[in-house]
Novice: 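One structure is given below, represented as structure tokens, and several questions about it will come after.
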Amino acid sequence: MAKEYNFREIEQKWHRLWTERQTYKVVEDEDRKKFYVLNMFPYPSGAGLHVGHPLGYIASDIFARYKRLQGFNVLNPMGYDAYGLPAEQYAIKTGQHPEKTTFANIDRYREQLDKIGFSFDWDREVRTCSPDYYHWTQWAFQKMWGSYFDEELQKAQPIEKLIEKLKQEGRWPADEQAQSDLLMNYRLAFLGETMVNWCPKLGTVLANDEVVEGVSVRGGYPVEQKKMRQWCLRVSAYSQRLLDGLDTIDWSESIKETQRNWIGRSEGTEIEIPYVLSPSGESEGGRFTIFTTRADTMFGVTFFVLAPESELVDKVTTPEQRAAVDEYLKYVKSRTERERMIDHTVTGVFSGAYGINPITGDKCPIYIAEYVLAGYGTGAIMAVPAHDSRDYAFAKHFGLPIIPLVEGADVSEDSYDAKEGIVMNSPVSPDKSVEYDGESLCLNGLTIKEAIAETKRFVEAHKLGRIKVNYRLRDAIFSRQRYWGEPFPVYYKHGIPTMIPEECLPIELPQVEKFLPTETGEPPLGNAQVWAWDEVNRKIVDKALIDEKTVFPIELYTMPGFAGSSAYYLRYMDPHNDKALVSPEAAAYWQNVDLYVGGSEHATGHLIYSRFWNKFLFDLGVSKKEEPFQKLVNQGMIQGRSNFVYRIKETNTFVSFGLKDQYDVTPIHVDVNIVKNDVLDLEAFKAWSPEYATADFILEDGKYVCGWAIEKMSKSMYNVVNPDMIVENYGADTLRLYEMFLGPVEQSKPWDTNGIDGCFRFLKKLWALAQSILNNQSNQSTPTAENLKTLHKLIKKVTADIEAFSYNTSISAFMVAVNELSQQKCTSRDILEPMVILIAPFAPHIAEELWEALGGEGSVCDARWPQYEEKYLVETSVKLGVQFNGKVRFDMLFPADATPEQMIALATSAPEAQKYLDGMQVVKTIAIPKRIVNIVVKPQA
RNA sequence: GCCCAGAUGGUGGAAUUGGUAGACACGAGGGACUUAAAAUCCCUUGGCCAGUGAUGGCCGUACGGGUUCGAUUCCCGUUCCGGGCACCA
């Protein structure tokens with residue numbers, strides 16, 4: 001009597017045994033090659049996991065288990081990104097300490113994760129909010145404070161080295177405040193007075209990637225620009241290395257491209273422009289610098305433009321224009337960032353001054369206009385209306401001349417921005433090009449690319465400017481005006497920021513009564529009473545003791561979300577080390593993450609910060625690899641599939657989907673959990689909400705059919721599917737299989753519980769096959785050639801598919817193989833055993849159970865992945881379609897080792913071929929062994 | 001506007017990178033077993049046409065061209081959907 005597939009019993013049993021036997025504990029082992037698999041750790045939200053969350057975890061768990069079966073020592077850890085805004089906002093609303101809600105959520109996550117059967121080593125769990133973890137976040141911050149970026153070495157160096165250099169150069173001030181201010185310009189973590197994204201509603205500043213289209217990503221509140229003193233990380237120093245590193249890692253092209261855009265390297269030229277305060281030029285002005293990527297267009301410059309925020313504005317404004325300029329600056333100030341971003345109306349004002357084009361000698365008016373940004377390049381541009389659409393619009397508006405410089409370019413309606421074509425009018429006549437050391441610039445006849453290179457050479461040779469690389473990447477604002485984050489290990493000694501000694505870390509987050517800013521507008525940490533630094537006793541003391549001599553105030557800001565998530569992968573290597581972030585031995589063994597799985601929405605946030613952070617730690621020698629994540633897989637989002645019922649307006653009658661067009665109806669979201677295959681469970685619907693208890697239905701074919709739509713998975717759309725429910729009804733193995741079977745991991749796709757039966761059936765078939773083999777008393781039975789062929793085909797396919805991260809196709813291959821073996825009435829344990837190992841990464845519970853039944857050693861996790869042998873796959877003959885003129889006409893068998901000549905001979909002599917050859921002559925023949933036979937014929941002349 | 005990635009049955013998706021398109025699964029239809037239901041098993045299932053029939057023919061991978069004996073795959077153009085960047089000079 002064959003045992004039923006009782007997944008509940010099996011899964012509970014193995015969860016217990018895995019814990020008891022510590023099956024997933026990982027220790028460093030020099031004798032085995034390492035493999036590091038990592039998921040982006042989750043923020044434990046109050047809503048718990050829905051069915052979309054585990055997708056990436058399952059995908060990486062499969063890979064981790066596969067690598068382990070191949071003999072690798074696999075690190076596959078999990079932890080929590082525990083600091084975050086939702087817990088804090090909940091605390092503000094309810095007074096509940098964020099730690100309490102966060103820990104409760106973590107427990108709930110853990111419970112849900114445990115049901116799915118991951119091979120995580122929970123001994124290595126990290127939580128960003130625990131002091132022994134953020135100890136090292138604070139430590140890294142202090143290291144950044146103590147470092148600067150050496151442009152020549154292109155790496156971080158101790159700040160002491162810079163001080164030494166400054167002393168030698170005689171630039172080291174005596175005054176302490178002045179020293180502090182000077183070093184602030186170099187430190188990798190520094191206090192900067194910068195324009196920040198200030199969100200009044202959230203009461204905090206935000207990083208660039210936390211703001212989209214002028215509103216906060218979290219909450220969608222308006223964000224304004226405000227000048228504030230904030231902690232910053234000099235991410236921009238690493239721009240070039242962040243860019244170059246992308247070529248060394250195995251990430252998708254689209255995410256690399258996103259990062260390249262975000263870094264925004266542009267190679268251009270800075271050119272010095274002298275200016276005068278009147279057209280005749282008698283009153284001398286000074287000079288300013290412009291940045292351009294189109295140096296070739298120097299001959300087409302008809303005006304210059306300064307950003308309104310530029311310090312030059314004041315200098316170039318003539319007394320006559322003063323009133324107009326002030327008026328304009330007032331207007332610009334009144335506009336929010338958002339208005340400026342959306343509304344591109346042409347505005348600007350003439351400054352009264354003229355810039356002198358060093359190439360042509362022409363004097364061109366200098367304008368002030370908001371379309372030029374202060375934060376990019378030099379905040380000043382040369383305007384070439386013929387070849388830049390923004391300059392073009394400006395020139396048209398103010399009636400300024402437009403000089404075309406590219407042959408055949410029509411600039412009567414629009415500018416010609418393309419970088420293709422042959423240059424002309426450069427210069428219009430030889431006397432329009434200024435001579436330097438007997439040389440004058442002429443670009444006529446060159447392509448634009450050649451012209452750019454030639455102009456660069458000319459500008460450099462005659463010291464008119466320099467070649468300059470600009471990056472769009474900004475320094476990261478590193479402080480937040482919040483409570484629930486890492487406190488800064490910094491105090492203010494007579495106003496000078498000073499680090500709390502390294503030995504005194506971690507500085508623990510103080511307790512507060514209220515999580516809101518103080519009445520005086522200080523951040524929430526201002527509410528903490530015990531929050532002052534006693535320099536002598538080296539400890540945190542009551543604020544009341546602040547005495548201006550030895551007790552000083554501590555920083556009230558906290559660190560942003562990305563602080564804790566930037567180096568967590570290093571901590572997993574050595575999570576309990578209280579002497580270092582990671583020991584040199586552990587870092588040397590685990591190196592970096594081999595496979596990183598997570599969402600692509602982190603492309604310009606976490607994935608940039610983390611790379612920056614790691615590069616810094618690499619410069620320090622802490623991290624052993626320059627790039628933290630060698631291969632990155634971005635799992636797609638699981639969308640919800642919502643169901644609708646259709647209520648006839650003003651009634652409590654619902655009409656089935658197919659008949660709804662005959663009535664005036666309102667579609668209403670209905671809980672997907674009471675709908676199966678789009679058919680509504682009427683009783684469950686009535687019980688769902690009191691308002692539907694008395695509902696009437698108009699059915700079709702005796703059923704109520706629901707409509708559906710693909711939407712985001714969310715509570716309000718009643719389309720959330722909870723993994724617990726799936727595990728309860730089908731088991732974790734089925735859930736794991738189905739999540740992967742749904743389609744490629746990288747692809748976003750809707751969740752549709754309807755298809756899950758297929759995977760469930762497959763496991764039941766596998767179970768039945770295994771039982772029939774296990775119950776076969778004569779277990780002498782050796783596998784047949786057919787059995788072996790099926791098995792080895794499967795080994796080959798599954799191995800290749802897992803390597804390619806193509807899990808859906810390997811599951812299909814399993815389905816085929818199990819069907820084949822069942823049909824073959826396979827009785828061999830020699831076939832079952834490798835099958836069990838092959839399925840183990842996908843469905844670990846059933847695999848363990850069968851492994852035990854087969855009498856396997858220990859856990860199936862420690863088995864060896866089977867190798868396929870080509871000899872079982874050899875075909876003696878191959879069925880191929882014989883084509884005439886590219887169309888398949890009939891099938892025939894060919895010996896597998898037939899040469900092309902033999903194949904042609906066999907095909908042309910086949911009886912079926914005769915009707916295609918009759919009256920024809922063979923023009924050409926193509927035969928590729930095991931692939932194709934094609935005979936090209938044409939009517940005989 | 002610029003850059004990237006896509007488009008295949010009723011549905012999710014395959015196709016050894018140029019070689020018989022639609023594997024596998026869901027759904028649907030038909031059948032077997034059963035008092036019945038569940039479960040299980042078998043058959044059909046891209047479209048159109050012809051035939052009693054096994055079967056045969058034509059069309060078909062968003063659209064229009066091209067290269068090729070042969071194109072879902074390569075090239076050119078168009079449309080649509082998704083993602084990123086964006087007064088970045």
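In what follows, chains are A, B, ... by sequence order, proteins preceding strands, each numbered from 1.
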Novice: Counting side-chain heavy atoms from CB outward, which of B/C4, B/C26, B/A86 is closest to A/Arg761?
Specialist: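 The listed nucleotide nearest to A/Arg761's side chain is B/C26.
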Novice: Whole Å only: how far is the CG atom of A/Asp801 from the P atom of B/U17?
Specialist: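 A/Asp801 atom CG is separated from B/U17 atom P by 13 Å.
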Novice: Using the P atom as the point on both nucleotides, what is the distance between B/C3 and B/C88, in whole Å?
Specialist: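 To the nearest whole Å, 14 Å.
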Novice: Among B/A89, B/U40, B/G13, which nucleotide has an atom closest to any side-chain atom of A/Gln747?
Specialist: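 Of all the options, the side chain of A/Gln747 is nearest to B/G13.
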Novice: Need the pair for B/A54. Rule: Watson-Crick or G-U wobble, both distances under 3.5 Å, any strand; none if unpaired.
Specialist: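 Pairing partner: none.
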Novice: Let me know the distance between CE of A/Met740 and P of B/G12, rounded to the nearest Å.
Specialist: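 Roughly 18 Å, once rounded to whole Å.
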Novice: Ignoring hydrogens and angles, state whether a donor on the side chain of A/Ser812 or A/Thr809 is under 3.5 Å from an acceptor on the partner side chain.
Specialist: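 Side-chain D/A pair, A/Ser812 to A/Thr809: absent.
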Novice: Under a 4.0 Å threshold between the charged nitrogen and the carboxylate oxygen, would A/Glu272 count as salt-bridged to A/Arg466?
Specialist: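 Yes.
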Novice: With nearest nucleotide decided by heavy atoms, which residue, A/Asn261 or A/Val936, maps closer to the 5′ end of RNA chain B?
Specialist: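 Nearer the 5' end of the strand: A/Val936.
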Novice: Would you mind checking if A/Asp247 and A/Arg260 are paired as a salt bridge, meaning a charged N to carboxylate O distance below 4.0 Å?
Specialist: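 Yes, A/Arg260 and A/Asp247 are salt-bridged.
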Novice: So if I take every side-chain heavy atom of A/Phe291 and compare against B/A89, B/C24, B/U20, which nucleotide ends up nearest?
Specialist: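 My answer, after comparing the listed nucleotides, is B/A89.
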Novice: A/Arg931 CZ to B/U16 C1': how many Å, rounded?
Specialist: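 Result: 7 Å.
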Novice: Write down the distance between CE (A/Met815) and P (B/G13), rounded to a whole number of angstrom.
Specialist: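 Taking atom P of B/G13 as the reference, CE of A/Met815 is at 15 Å.
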Novice: Compare side-chain N and O positions of A/Asn808 against OP1 and OP2 of B/A25 and report whether any pair is under 4.0 Å apart.
Specialist: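 Checking B/A25 against A/Asn808, no side-chain N or O comes under 4.0 Å of OP1 or OP2.
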Novice: Is A/Asp752 touching bases, backbone alone, or none of the nucleic acid, heavy atoms closer than 4.0 Å?
Specialist: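 Counting heavy atoms under 4.0 Å across all strands, no contact is made by A/Asp752.
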Novice: Select one nucleotide: of B/C4, B/C87, B/G27, the one nearest the side-chain heavy atoms of A/Arg390.
Specialist: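 Closest of the options to the side chain of A/Arg390: B/C87.
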Novice: Between B/A89, B/C4, B/G19, which one does the side chain of A/Ser254 approach most closely?
Specialist: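 The answer is B/C4.
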Novice: Let me know the distance between CG of A/Asp417 and C1' of B/C2, rounded to the nearest Å.
Specialist: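 Rounded to the whole Å, the gap is 11 Å.
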Novice: Ignoring backbone atoms, establish whether A/Lys764 has a side-chain N or O less than 4.0 Å from OP1 or OP2 of B/A39.
Specialist: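 The answer is no; no side-chain N or O of A/Lys764 sits under 4.0 Å from OP1 or OP2.
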Novice: Scan every strand shown for a Watson-Crick or G-U wobble partner of B/C41, both distances under 3.5 Å, and answer none if you come up empty.
Specialist: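 When the pairing criteria are applied, B/G31 turns out to be the nucleotide that pairs with B/C41.
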Novice: Any Lys/Arg nitrogen of A/Glu267 or A/Lys468 sitting under 4.0 Å from an Asp/Glu carboxylate oxygen of the other?
Specialist: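 Looking at A/Lys468 together with A/Glu267, the answer is no, because their closest N to O distance does not fall below 4.0 Å.
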Novice: Could you please name the option among B/C59, B/G84, B/G27 that lies closest to any side-chain atom of A/Lys887?
Specialist: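 Between B/C59, B/G84, B/G27, the one nearest the side chain of A/Lys887 would be B/C59.
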Novice: Is the shortest side-chain N to carboxylate O distance from A/Lys796 to A/Glu870 below 4.0 Å?
Specialist: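 Yes, A/Lys796 and A/Glu870 are salt-bridged.
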Novice: Rounding to an integer number of Å, can you tell me how far A/Lys924 NZ sits from B/U68 C1'?
Specialist: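 Result: 8 Å.
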Novice: How far, in whole Å, is B/G77 from B/G22 if one measures between their C1' atoms?
Specialist: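 That atom pair is separated by 28 Å.
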Novice: Among the nucleotides B/C24, B/G19, B/C88, which one has an atom lying closest to any side-chain atom of A/Val816?
Specialist: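 The answer is B/C24, which lies nearest to the side chain.
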Novice: I'd like to know if the side chain of A/Tyr376 pairs up with that of A/Ser266 as donor and acceptor (distance under 3.5 Å, no hydrogens or angles considered).
Specialist: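 Distance-only check passes for A/Tyr376 and A/Ser266.
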Novice: Would you kindly compare A/Gly755 and A/Glu370 by the position of their nearest RNA chain B nucleotide and give the one closer to the 5′ end?
Specialist: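 Per heavy-atom nearest nucleotide, the more 5' residue is A/Gly755.
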Novice: Which whole number of Å gives the distance between the C1' atom of B/A39 and that of B/A23?
Specialist: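 Roughly 27 Å separates the two C1' atoms.
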Novice: For B/U73 and B/G9, measure between their P atoms and round to the nearest Å.
Specialist: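 These two P atoms come out 15 Å apart once rounded.
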Novice: Any side-chain N or O of A/Tyr376 below 4.0 angstrom from OP1/OP2 of B/A89?
Specialist: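 The answer is yes; a side-chain N or O of A/Tyr376 sits under 4.0 Å from OP1 or OP2.
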Novice: Have a look at A/Lys879 and say if it touches a base, only the backbone sugar-phosphate, or nothing, with a 4.0 Å heavy-atom cut-off.
Specialist: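 Base: the residue A/Lys879, judged by heavy atoms under 4.0 Å, touches a nucleobase.
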Novice: Scan A/Asp891 against the nucleic acid and name what it touches under 4.0 Å (heavy atoms): base, sugar-phosphate only, or nothing.
Specialist: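 Result for A/Asp891 = base.
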Novice: Expressed as a whole number of angstroms, how long is the span from A/Tyr367:OH to B/C87:P?
Specialist: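 Atom-to-atom, A/Tyr367 to B/C87, this comes out as 24 Å.
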Novice: Taking a pair as Watson-Crick or G-U wobble with both distances under 3.5 Å, which nucleotide is matched to B/U78?
Specialist: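 Here B/U78 is engaged in a pair, and the nucleotide opposite it is B/A62.
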Novice: Under 4.0 Å, heavy atoms only, any strand: does A/Ile756 hit a base, just the sugar-phosphate, or nothing?
Specialist: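 Nothing, no heavy atom under 4.0 Å.
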Novice: Does a side-chain N-to-carboxylate-O contact under 4.0 Å join A/Lys333 and A/Glu370?
Specialist: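 Here A/Lys333 does not pair with A/Glu370 in a salt bridge, since their nearest N and O are not under 4.0 Å apart.
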Novice: When you compare B/G19 with B/U78, how far apart are their P atoms, in angstrom units rounded to a whole number?
Specialist: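 Roughly 28 Å separates the two P atoms.
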Novice: Base, sugar-phosphate alone, or nothing: which one does A/Val305 contact when heavy atoms must sit under 4.0 Å apart?
Specialist: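 Nothing, no heavy atom under 4.0 Å.
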Novice: Which whole number of Å gives the distance between the P atom of B/G29 and that of B/A37?
Specialist: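 So the two P atoms sit 15 Å from each other.
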Novice: In whole Å, what is the span from the CG atom of A/Asn729 to the C1' atom of B/A38?
Specialist: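 Taking atom C1' of B/A38 as the reference, CG of A/Asn729 is at 15 Å.
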Novice: Which whole number of Å gives the distance between the C1' atom of B/U61 and that of B/A21?
Specialist: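 7 Å, rounded to whole Å.
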Novice: Should A/Glu820 and A/Lys789 count as an ion pair when the cut-off is N to O under 4.0 Å?
Specialist: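 A salt bridge is absent here (no side-chain N lies under 4.0 Å from a carboxylate O).
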Novice: Check every strand shown and say whether A/Leu373 touches a base, only sugar-phosphate, or nothing at a heavy-atom separation below 4.0 Å.
Specialist: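 It contacts base atoms.
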Novice: With the side chain counted from C-beta on, respond yes when A/Leu632 and A/Asp250 share a heavy-atom pair under 4.5 Å apart, and no when they do not.
Specialist: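 A/Leu632 vs A/Asp250: side chains apart.
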Novice: Could you tell me whether the side chain of A/Gln883 has a donor or acceptor atom within less than 3.5 Å of a complementary atom in the base of B/G19?
Specialist: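 Yes.
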Novice: Scan every strand shown for a Watson-Crick or G-U wobble partner of B/A71, both distances under 3.5 Å, and answer none if you come up empty.
Specialist: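 B/A71 is paired with nothing.
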Novice: Sort out the partner of B/C24 for me: Watson-Crick or G-U wobble, both distances under 3.5 Å, none otherwise.
Specialist: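 Because both required distances fall under 3.5 Å, B/C24 counts as paired with B/G12.
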Novice: What integer number of Å spans the P atoms of B/A62 and B/A14?
Specialist: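 Between the two P atoms, the distance is 15 Å.
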Novice: If the glycosidic angle is within 90 degrees of 0 it's syn, otherwise anti, so just tell me which one B/G9 is.
Specialist: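 B/G9: syn.
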Novice: Counting the atoms with a prime plus P, OP1 and OP2 as sugar-phosphate, which does A/Lys765 contact under 4.0 Å by heavy atoms, base, sugar-phosphate, or nothing?
Specialist: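 Sugar-phosphate, no base atom in range.
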Novice: For A/Pro744, report the nucleic acid contact type (base, sugar-phosphate, nothing); a contact means any heavy atom under 4.0 Å.
Specialist: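 If one applies the 4.0 Å heavy-atom cut-off, A/Pro744 turns out to touch the sugar-phosphate alone, with no base involved.
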Novice: What's the closest nucleotide to the side chain of A/Asn754 if the choices are B/C26, B/A89, B/G84?
Specialist: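 Output: B/C26.
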Novice: Across the strands shown, which category fits A/Arg260 at heavy-atom distances under 4.0 angstrom: base, sugar-phosphate, nothing?
Specialist: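 Result for A/Arg260 = nothing.
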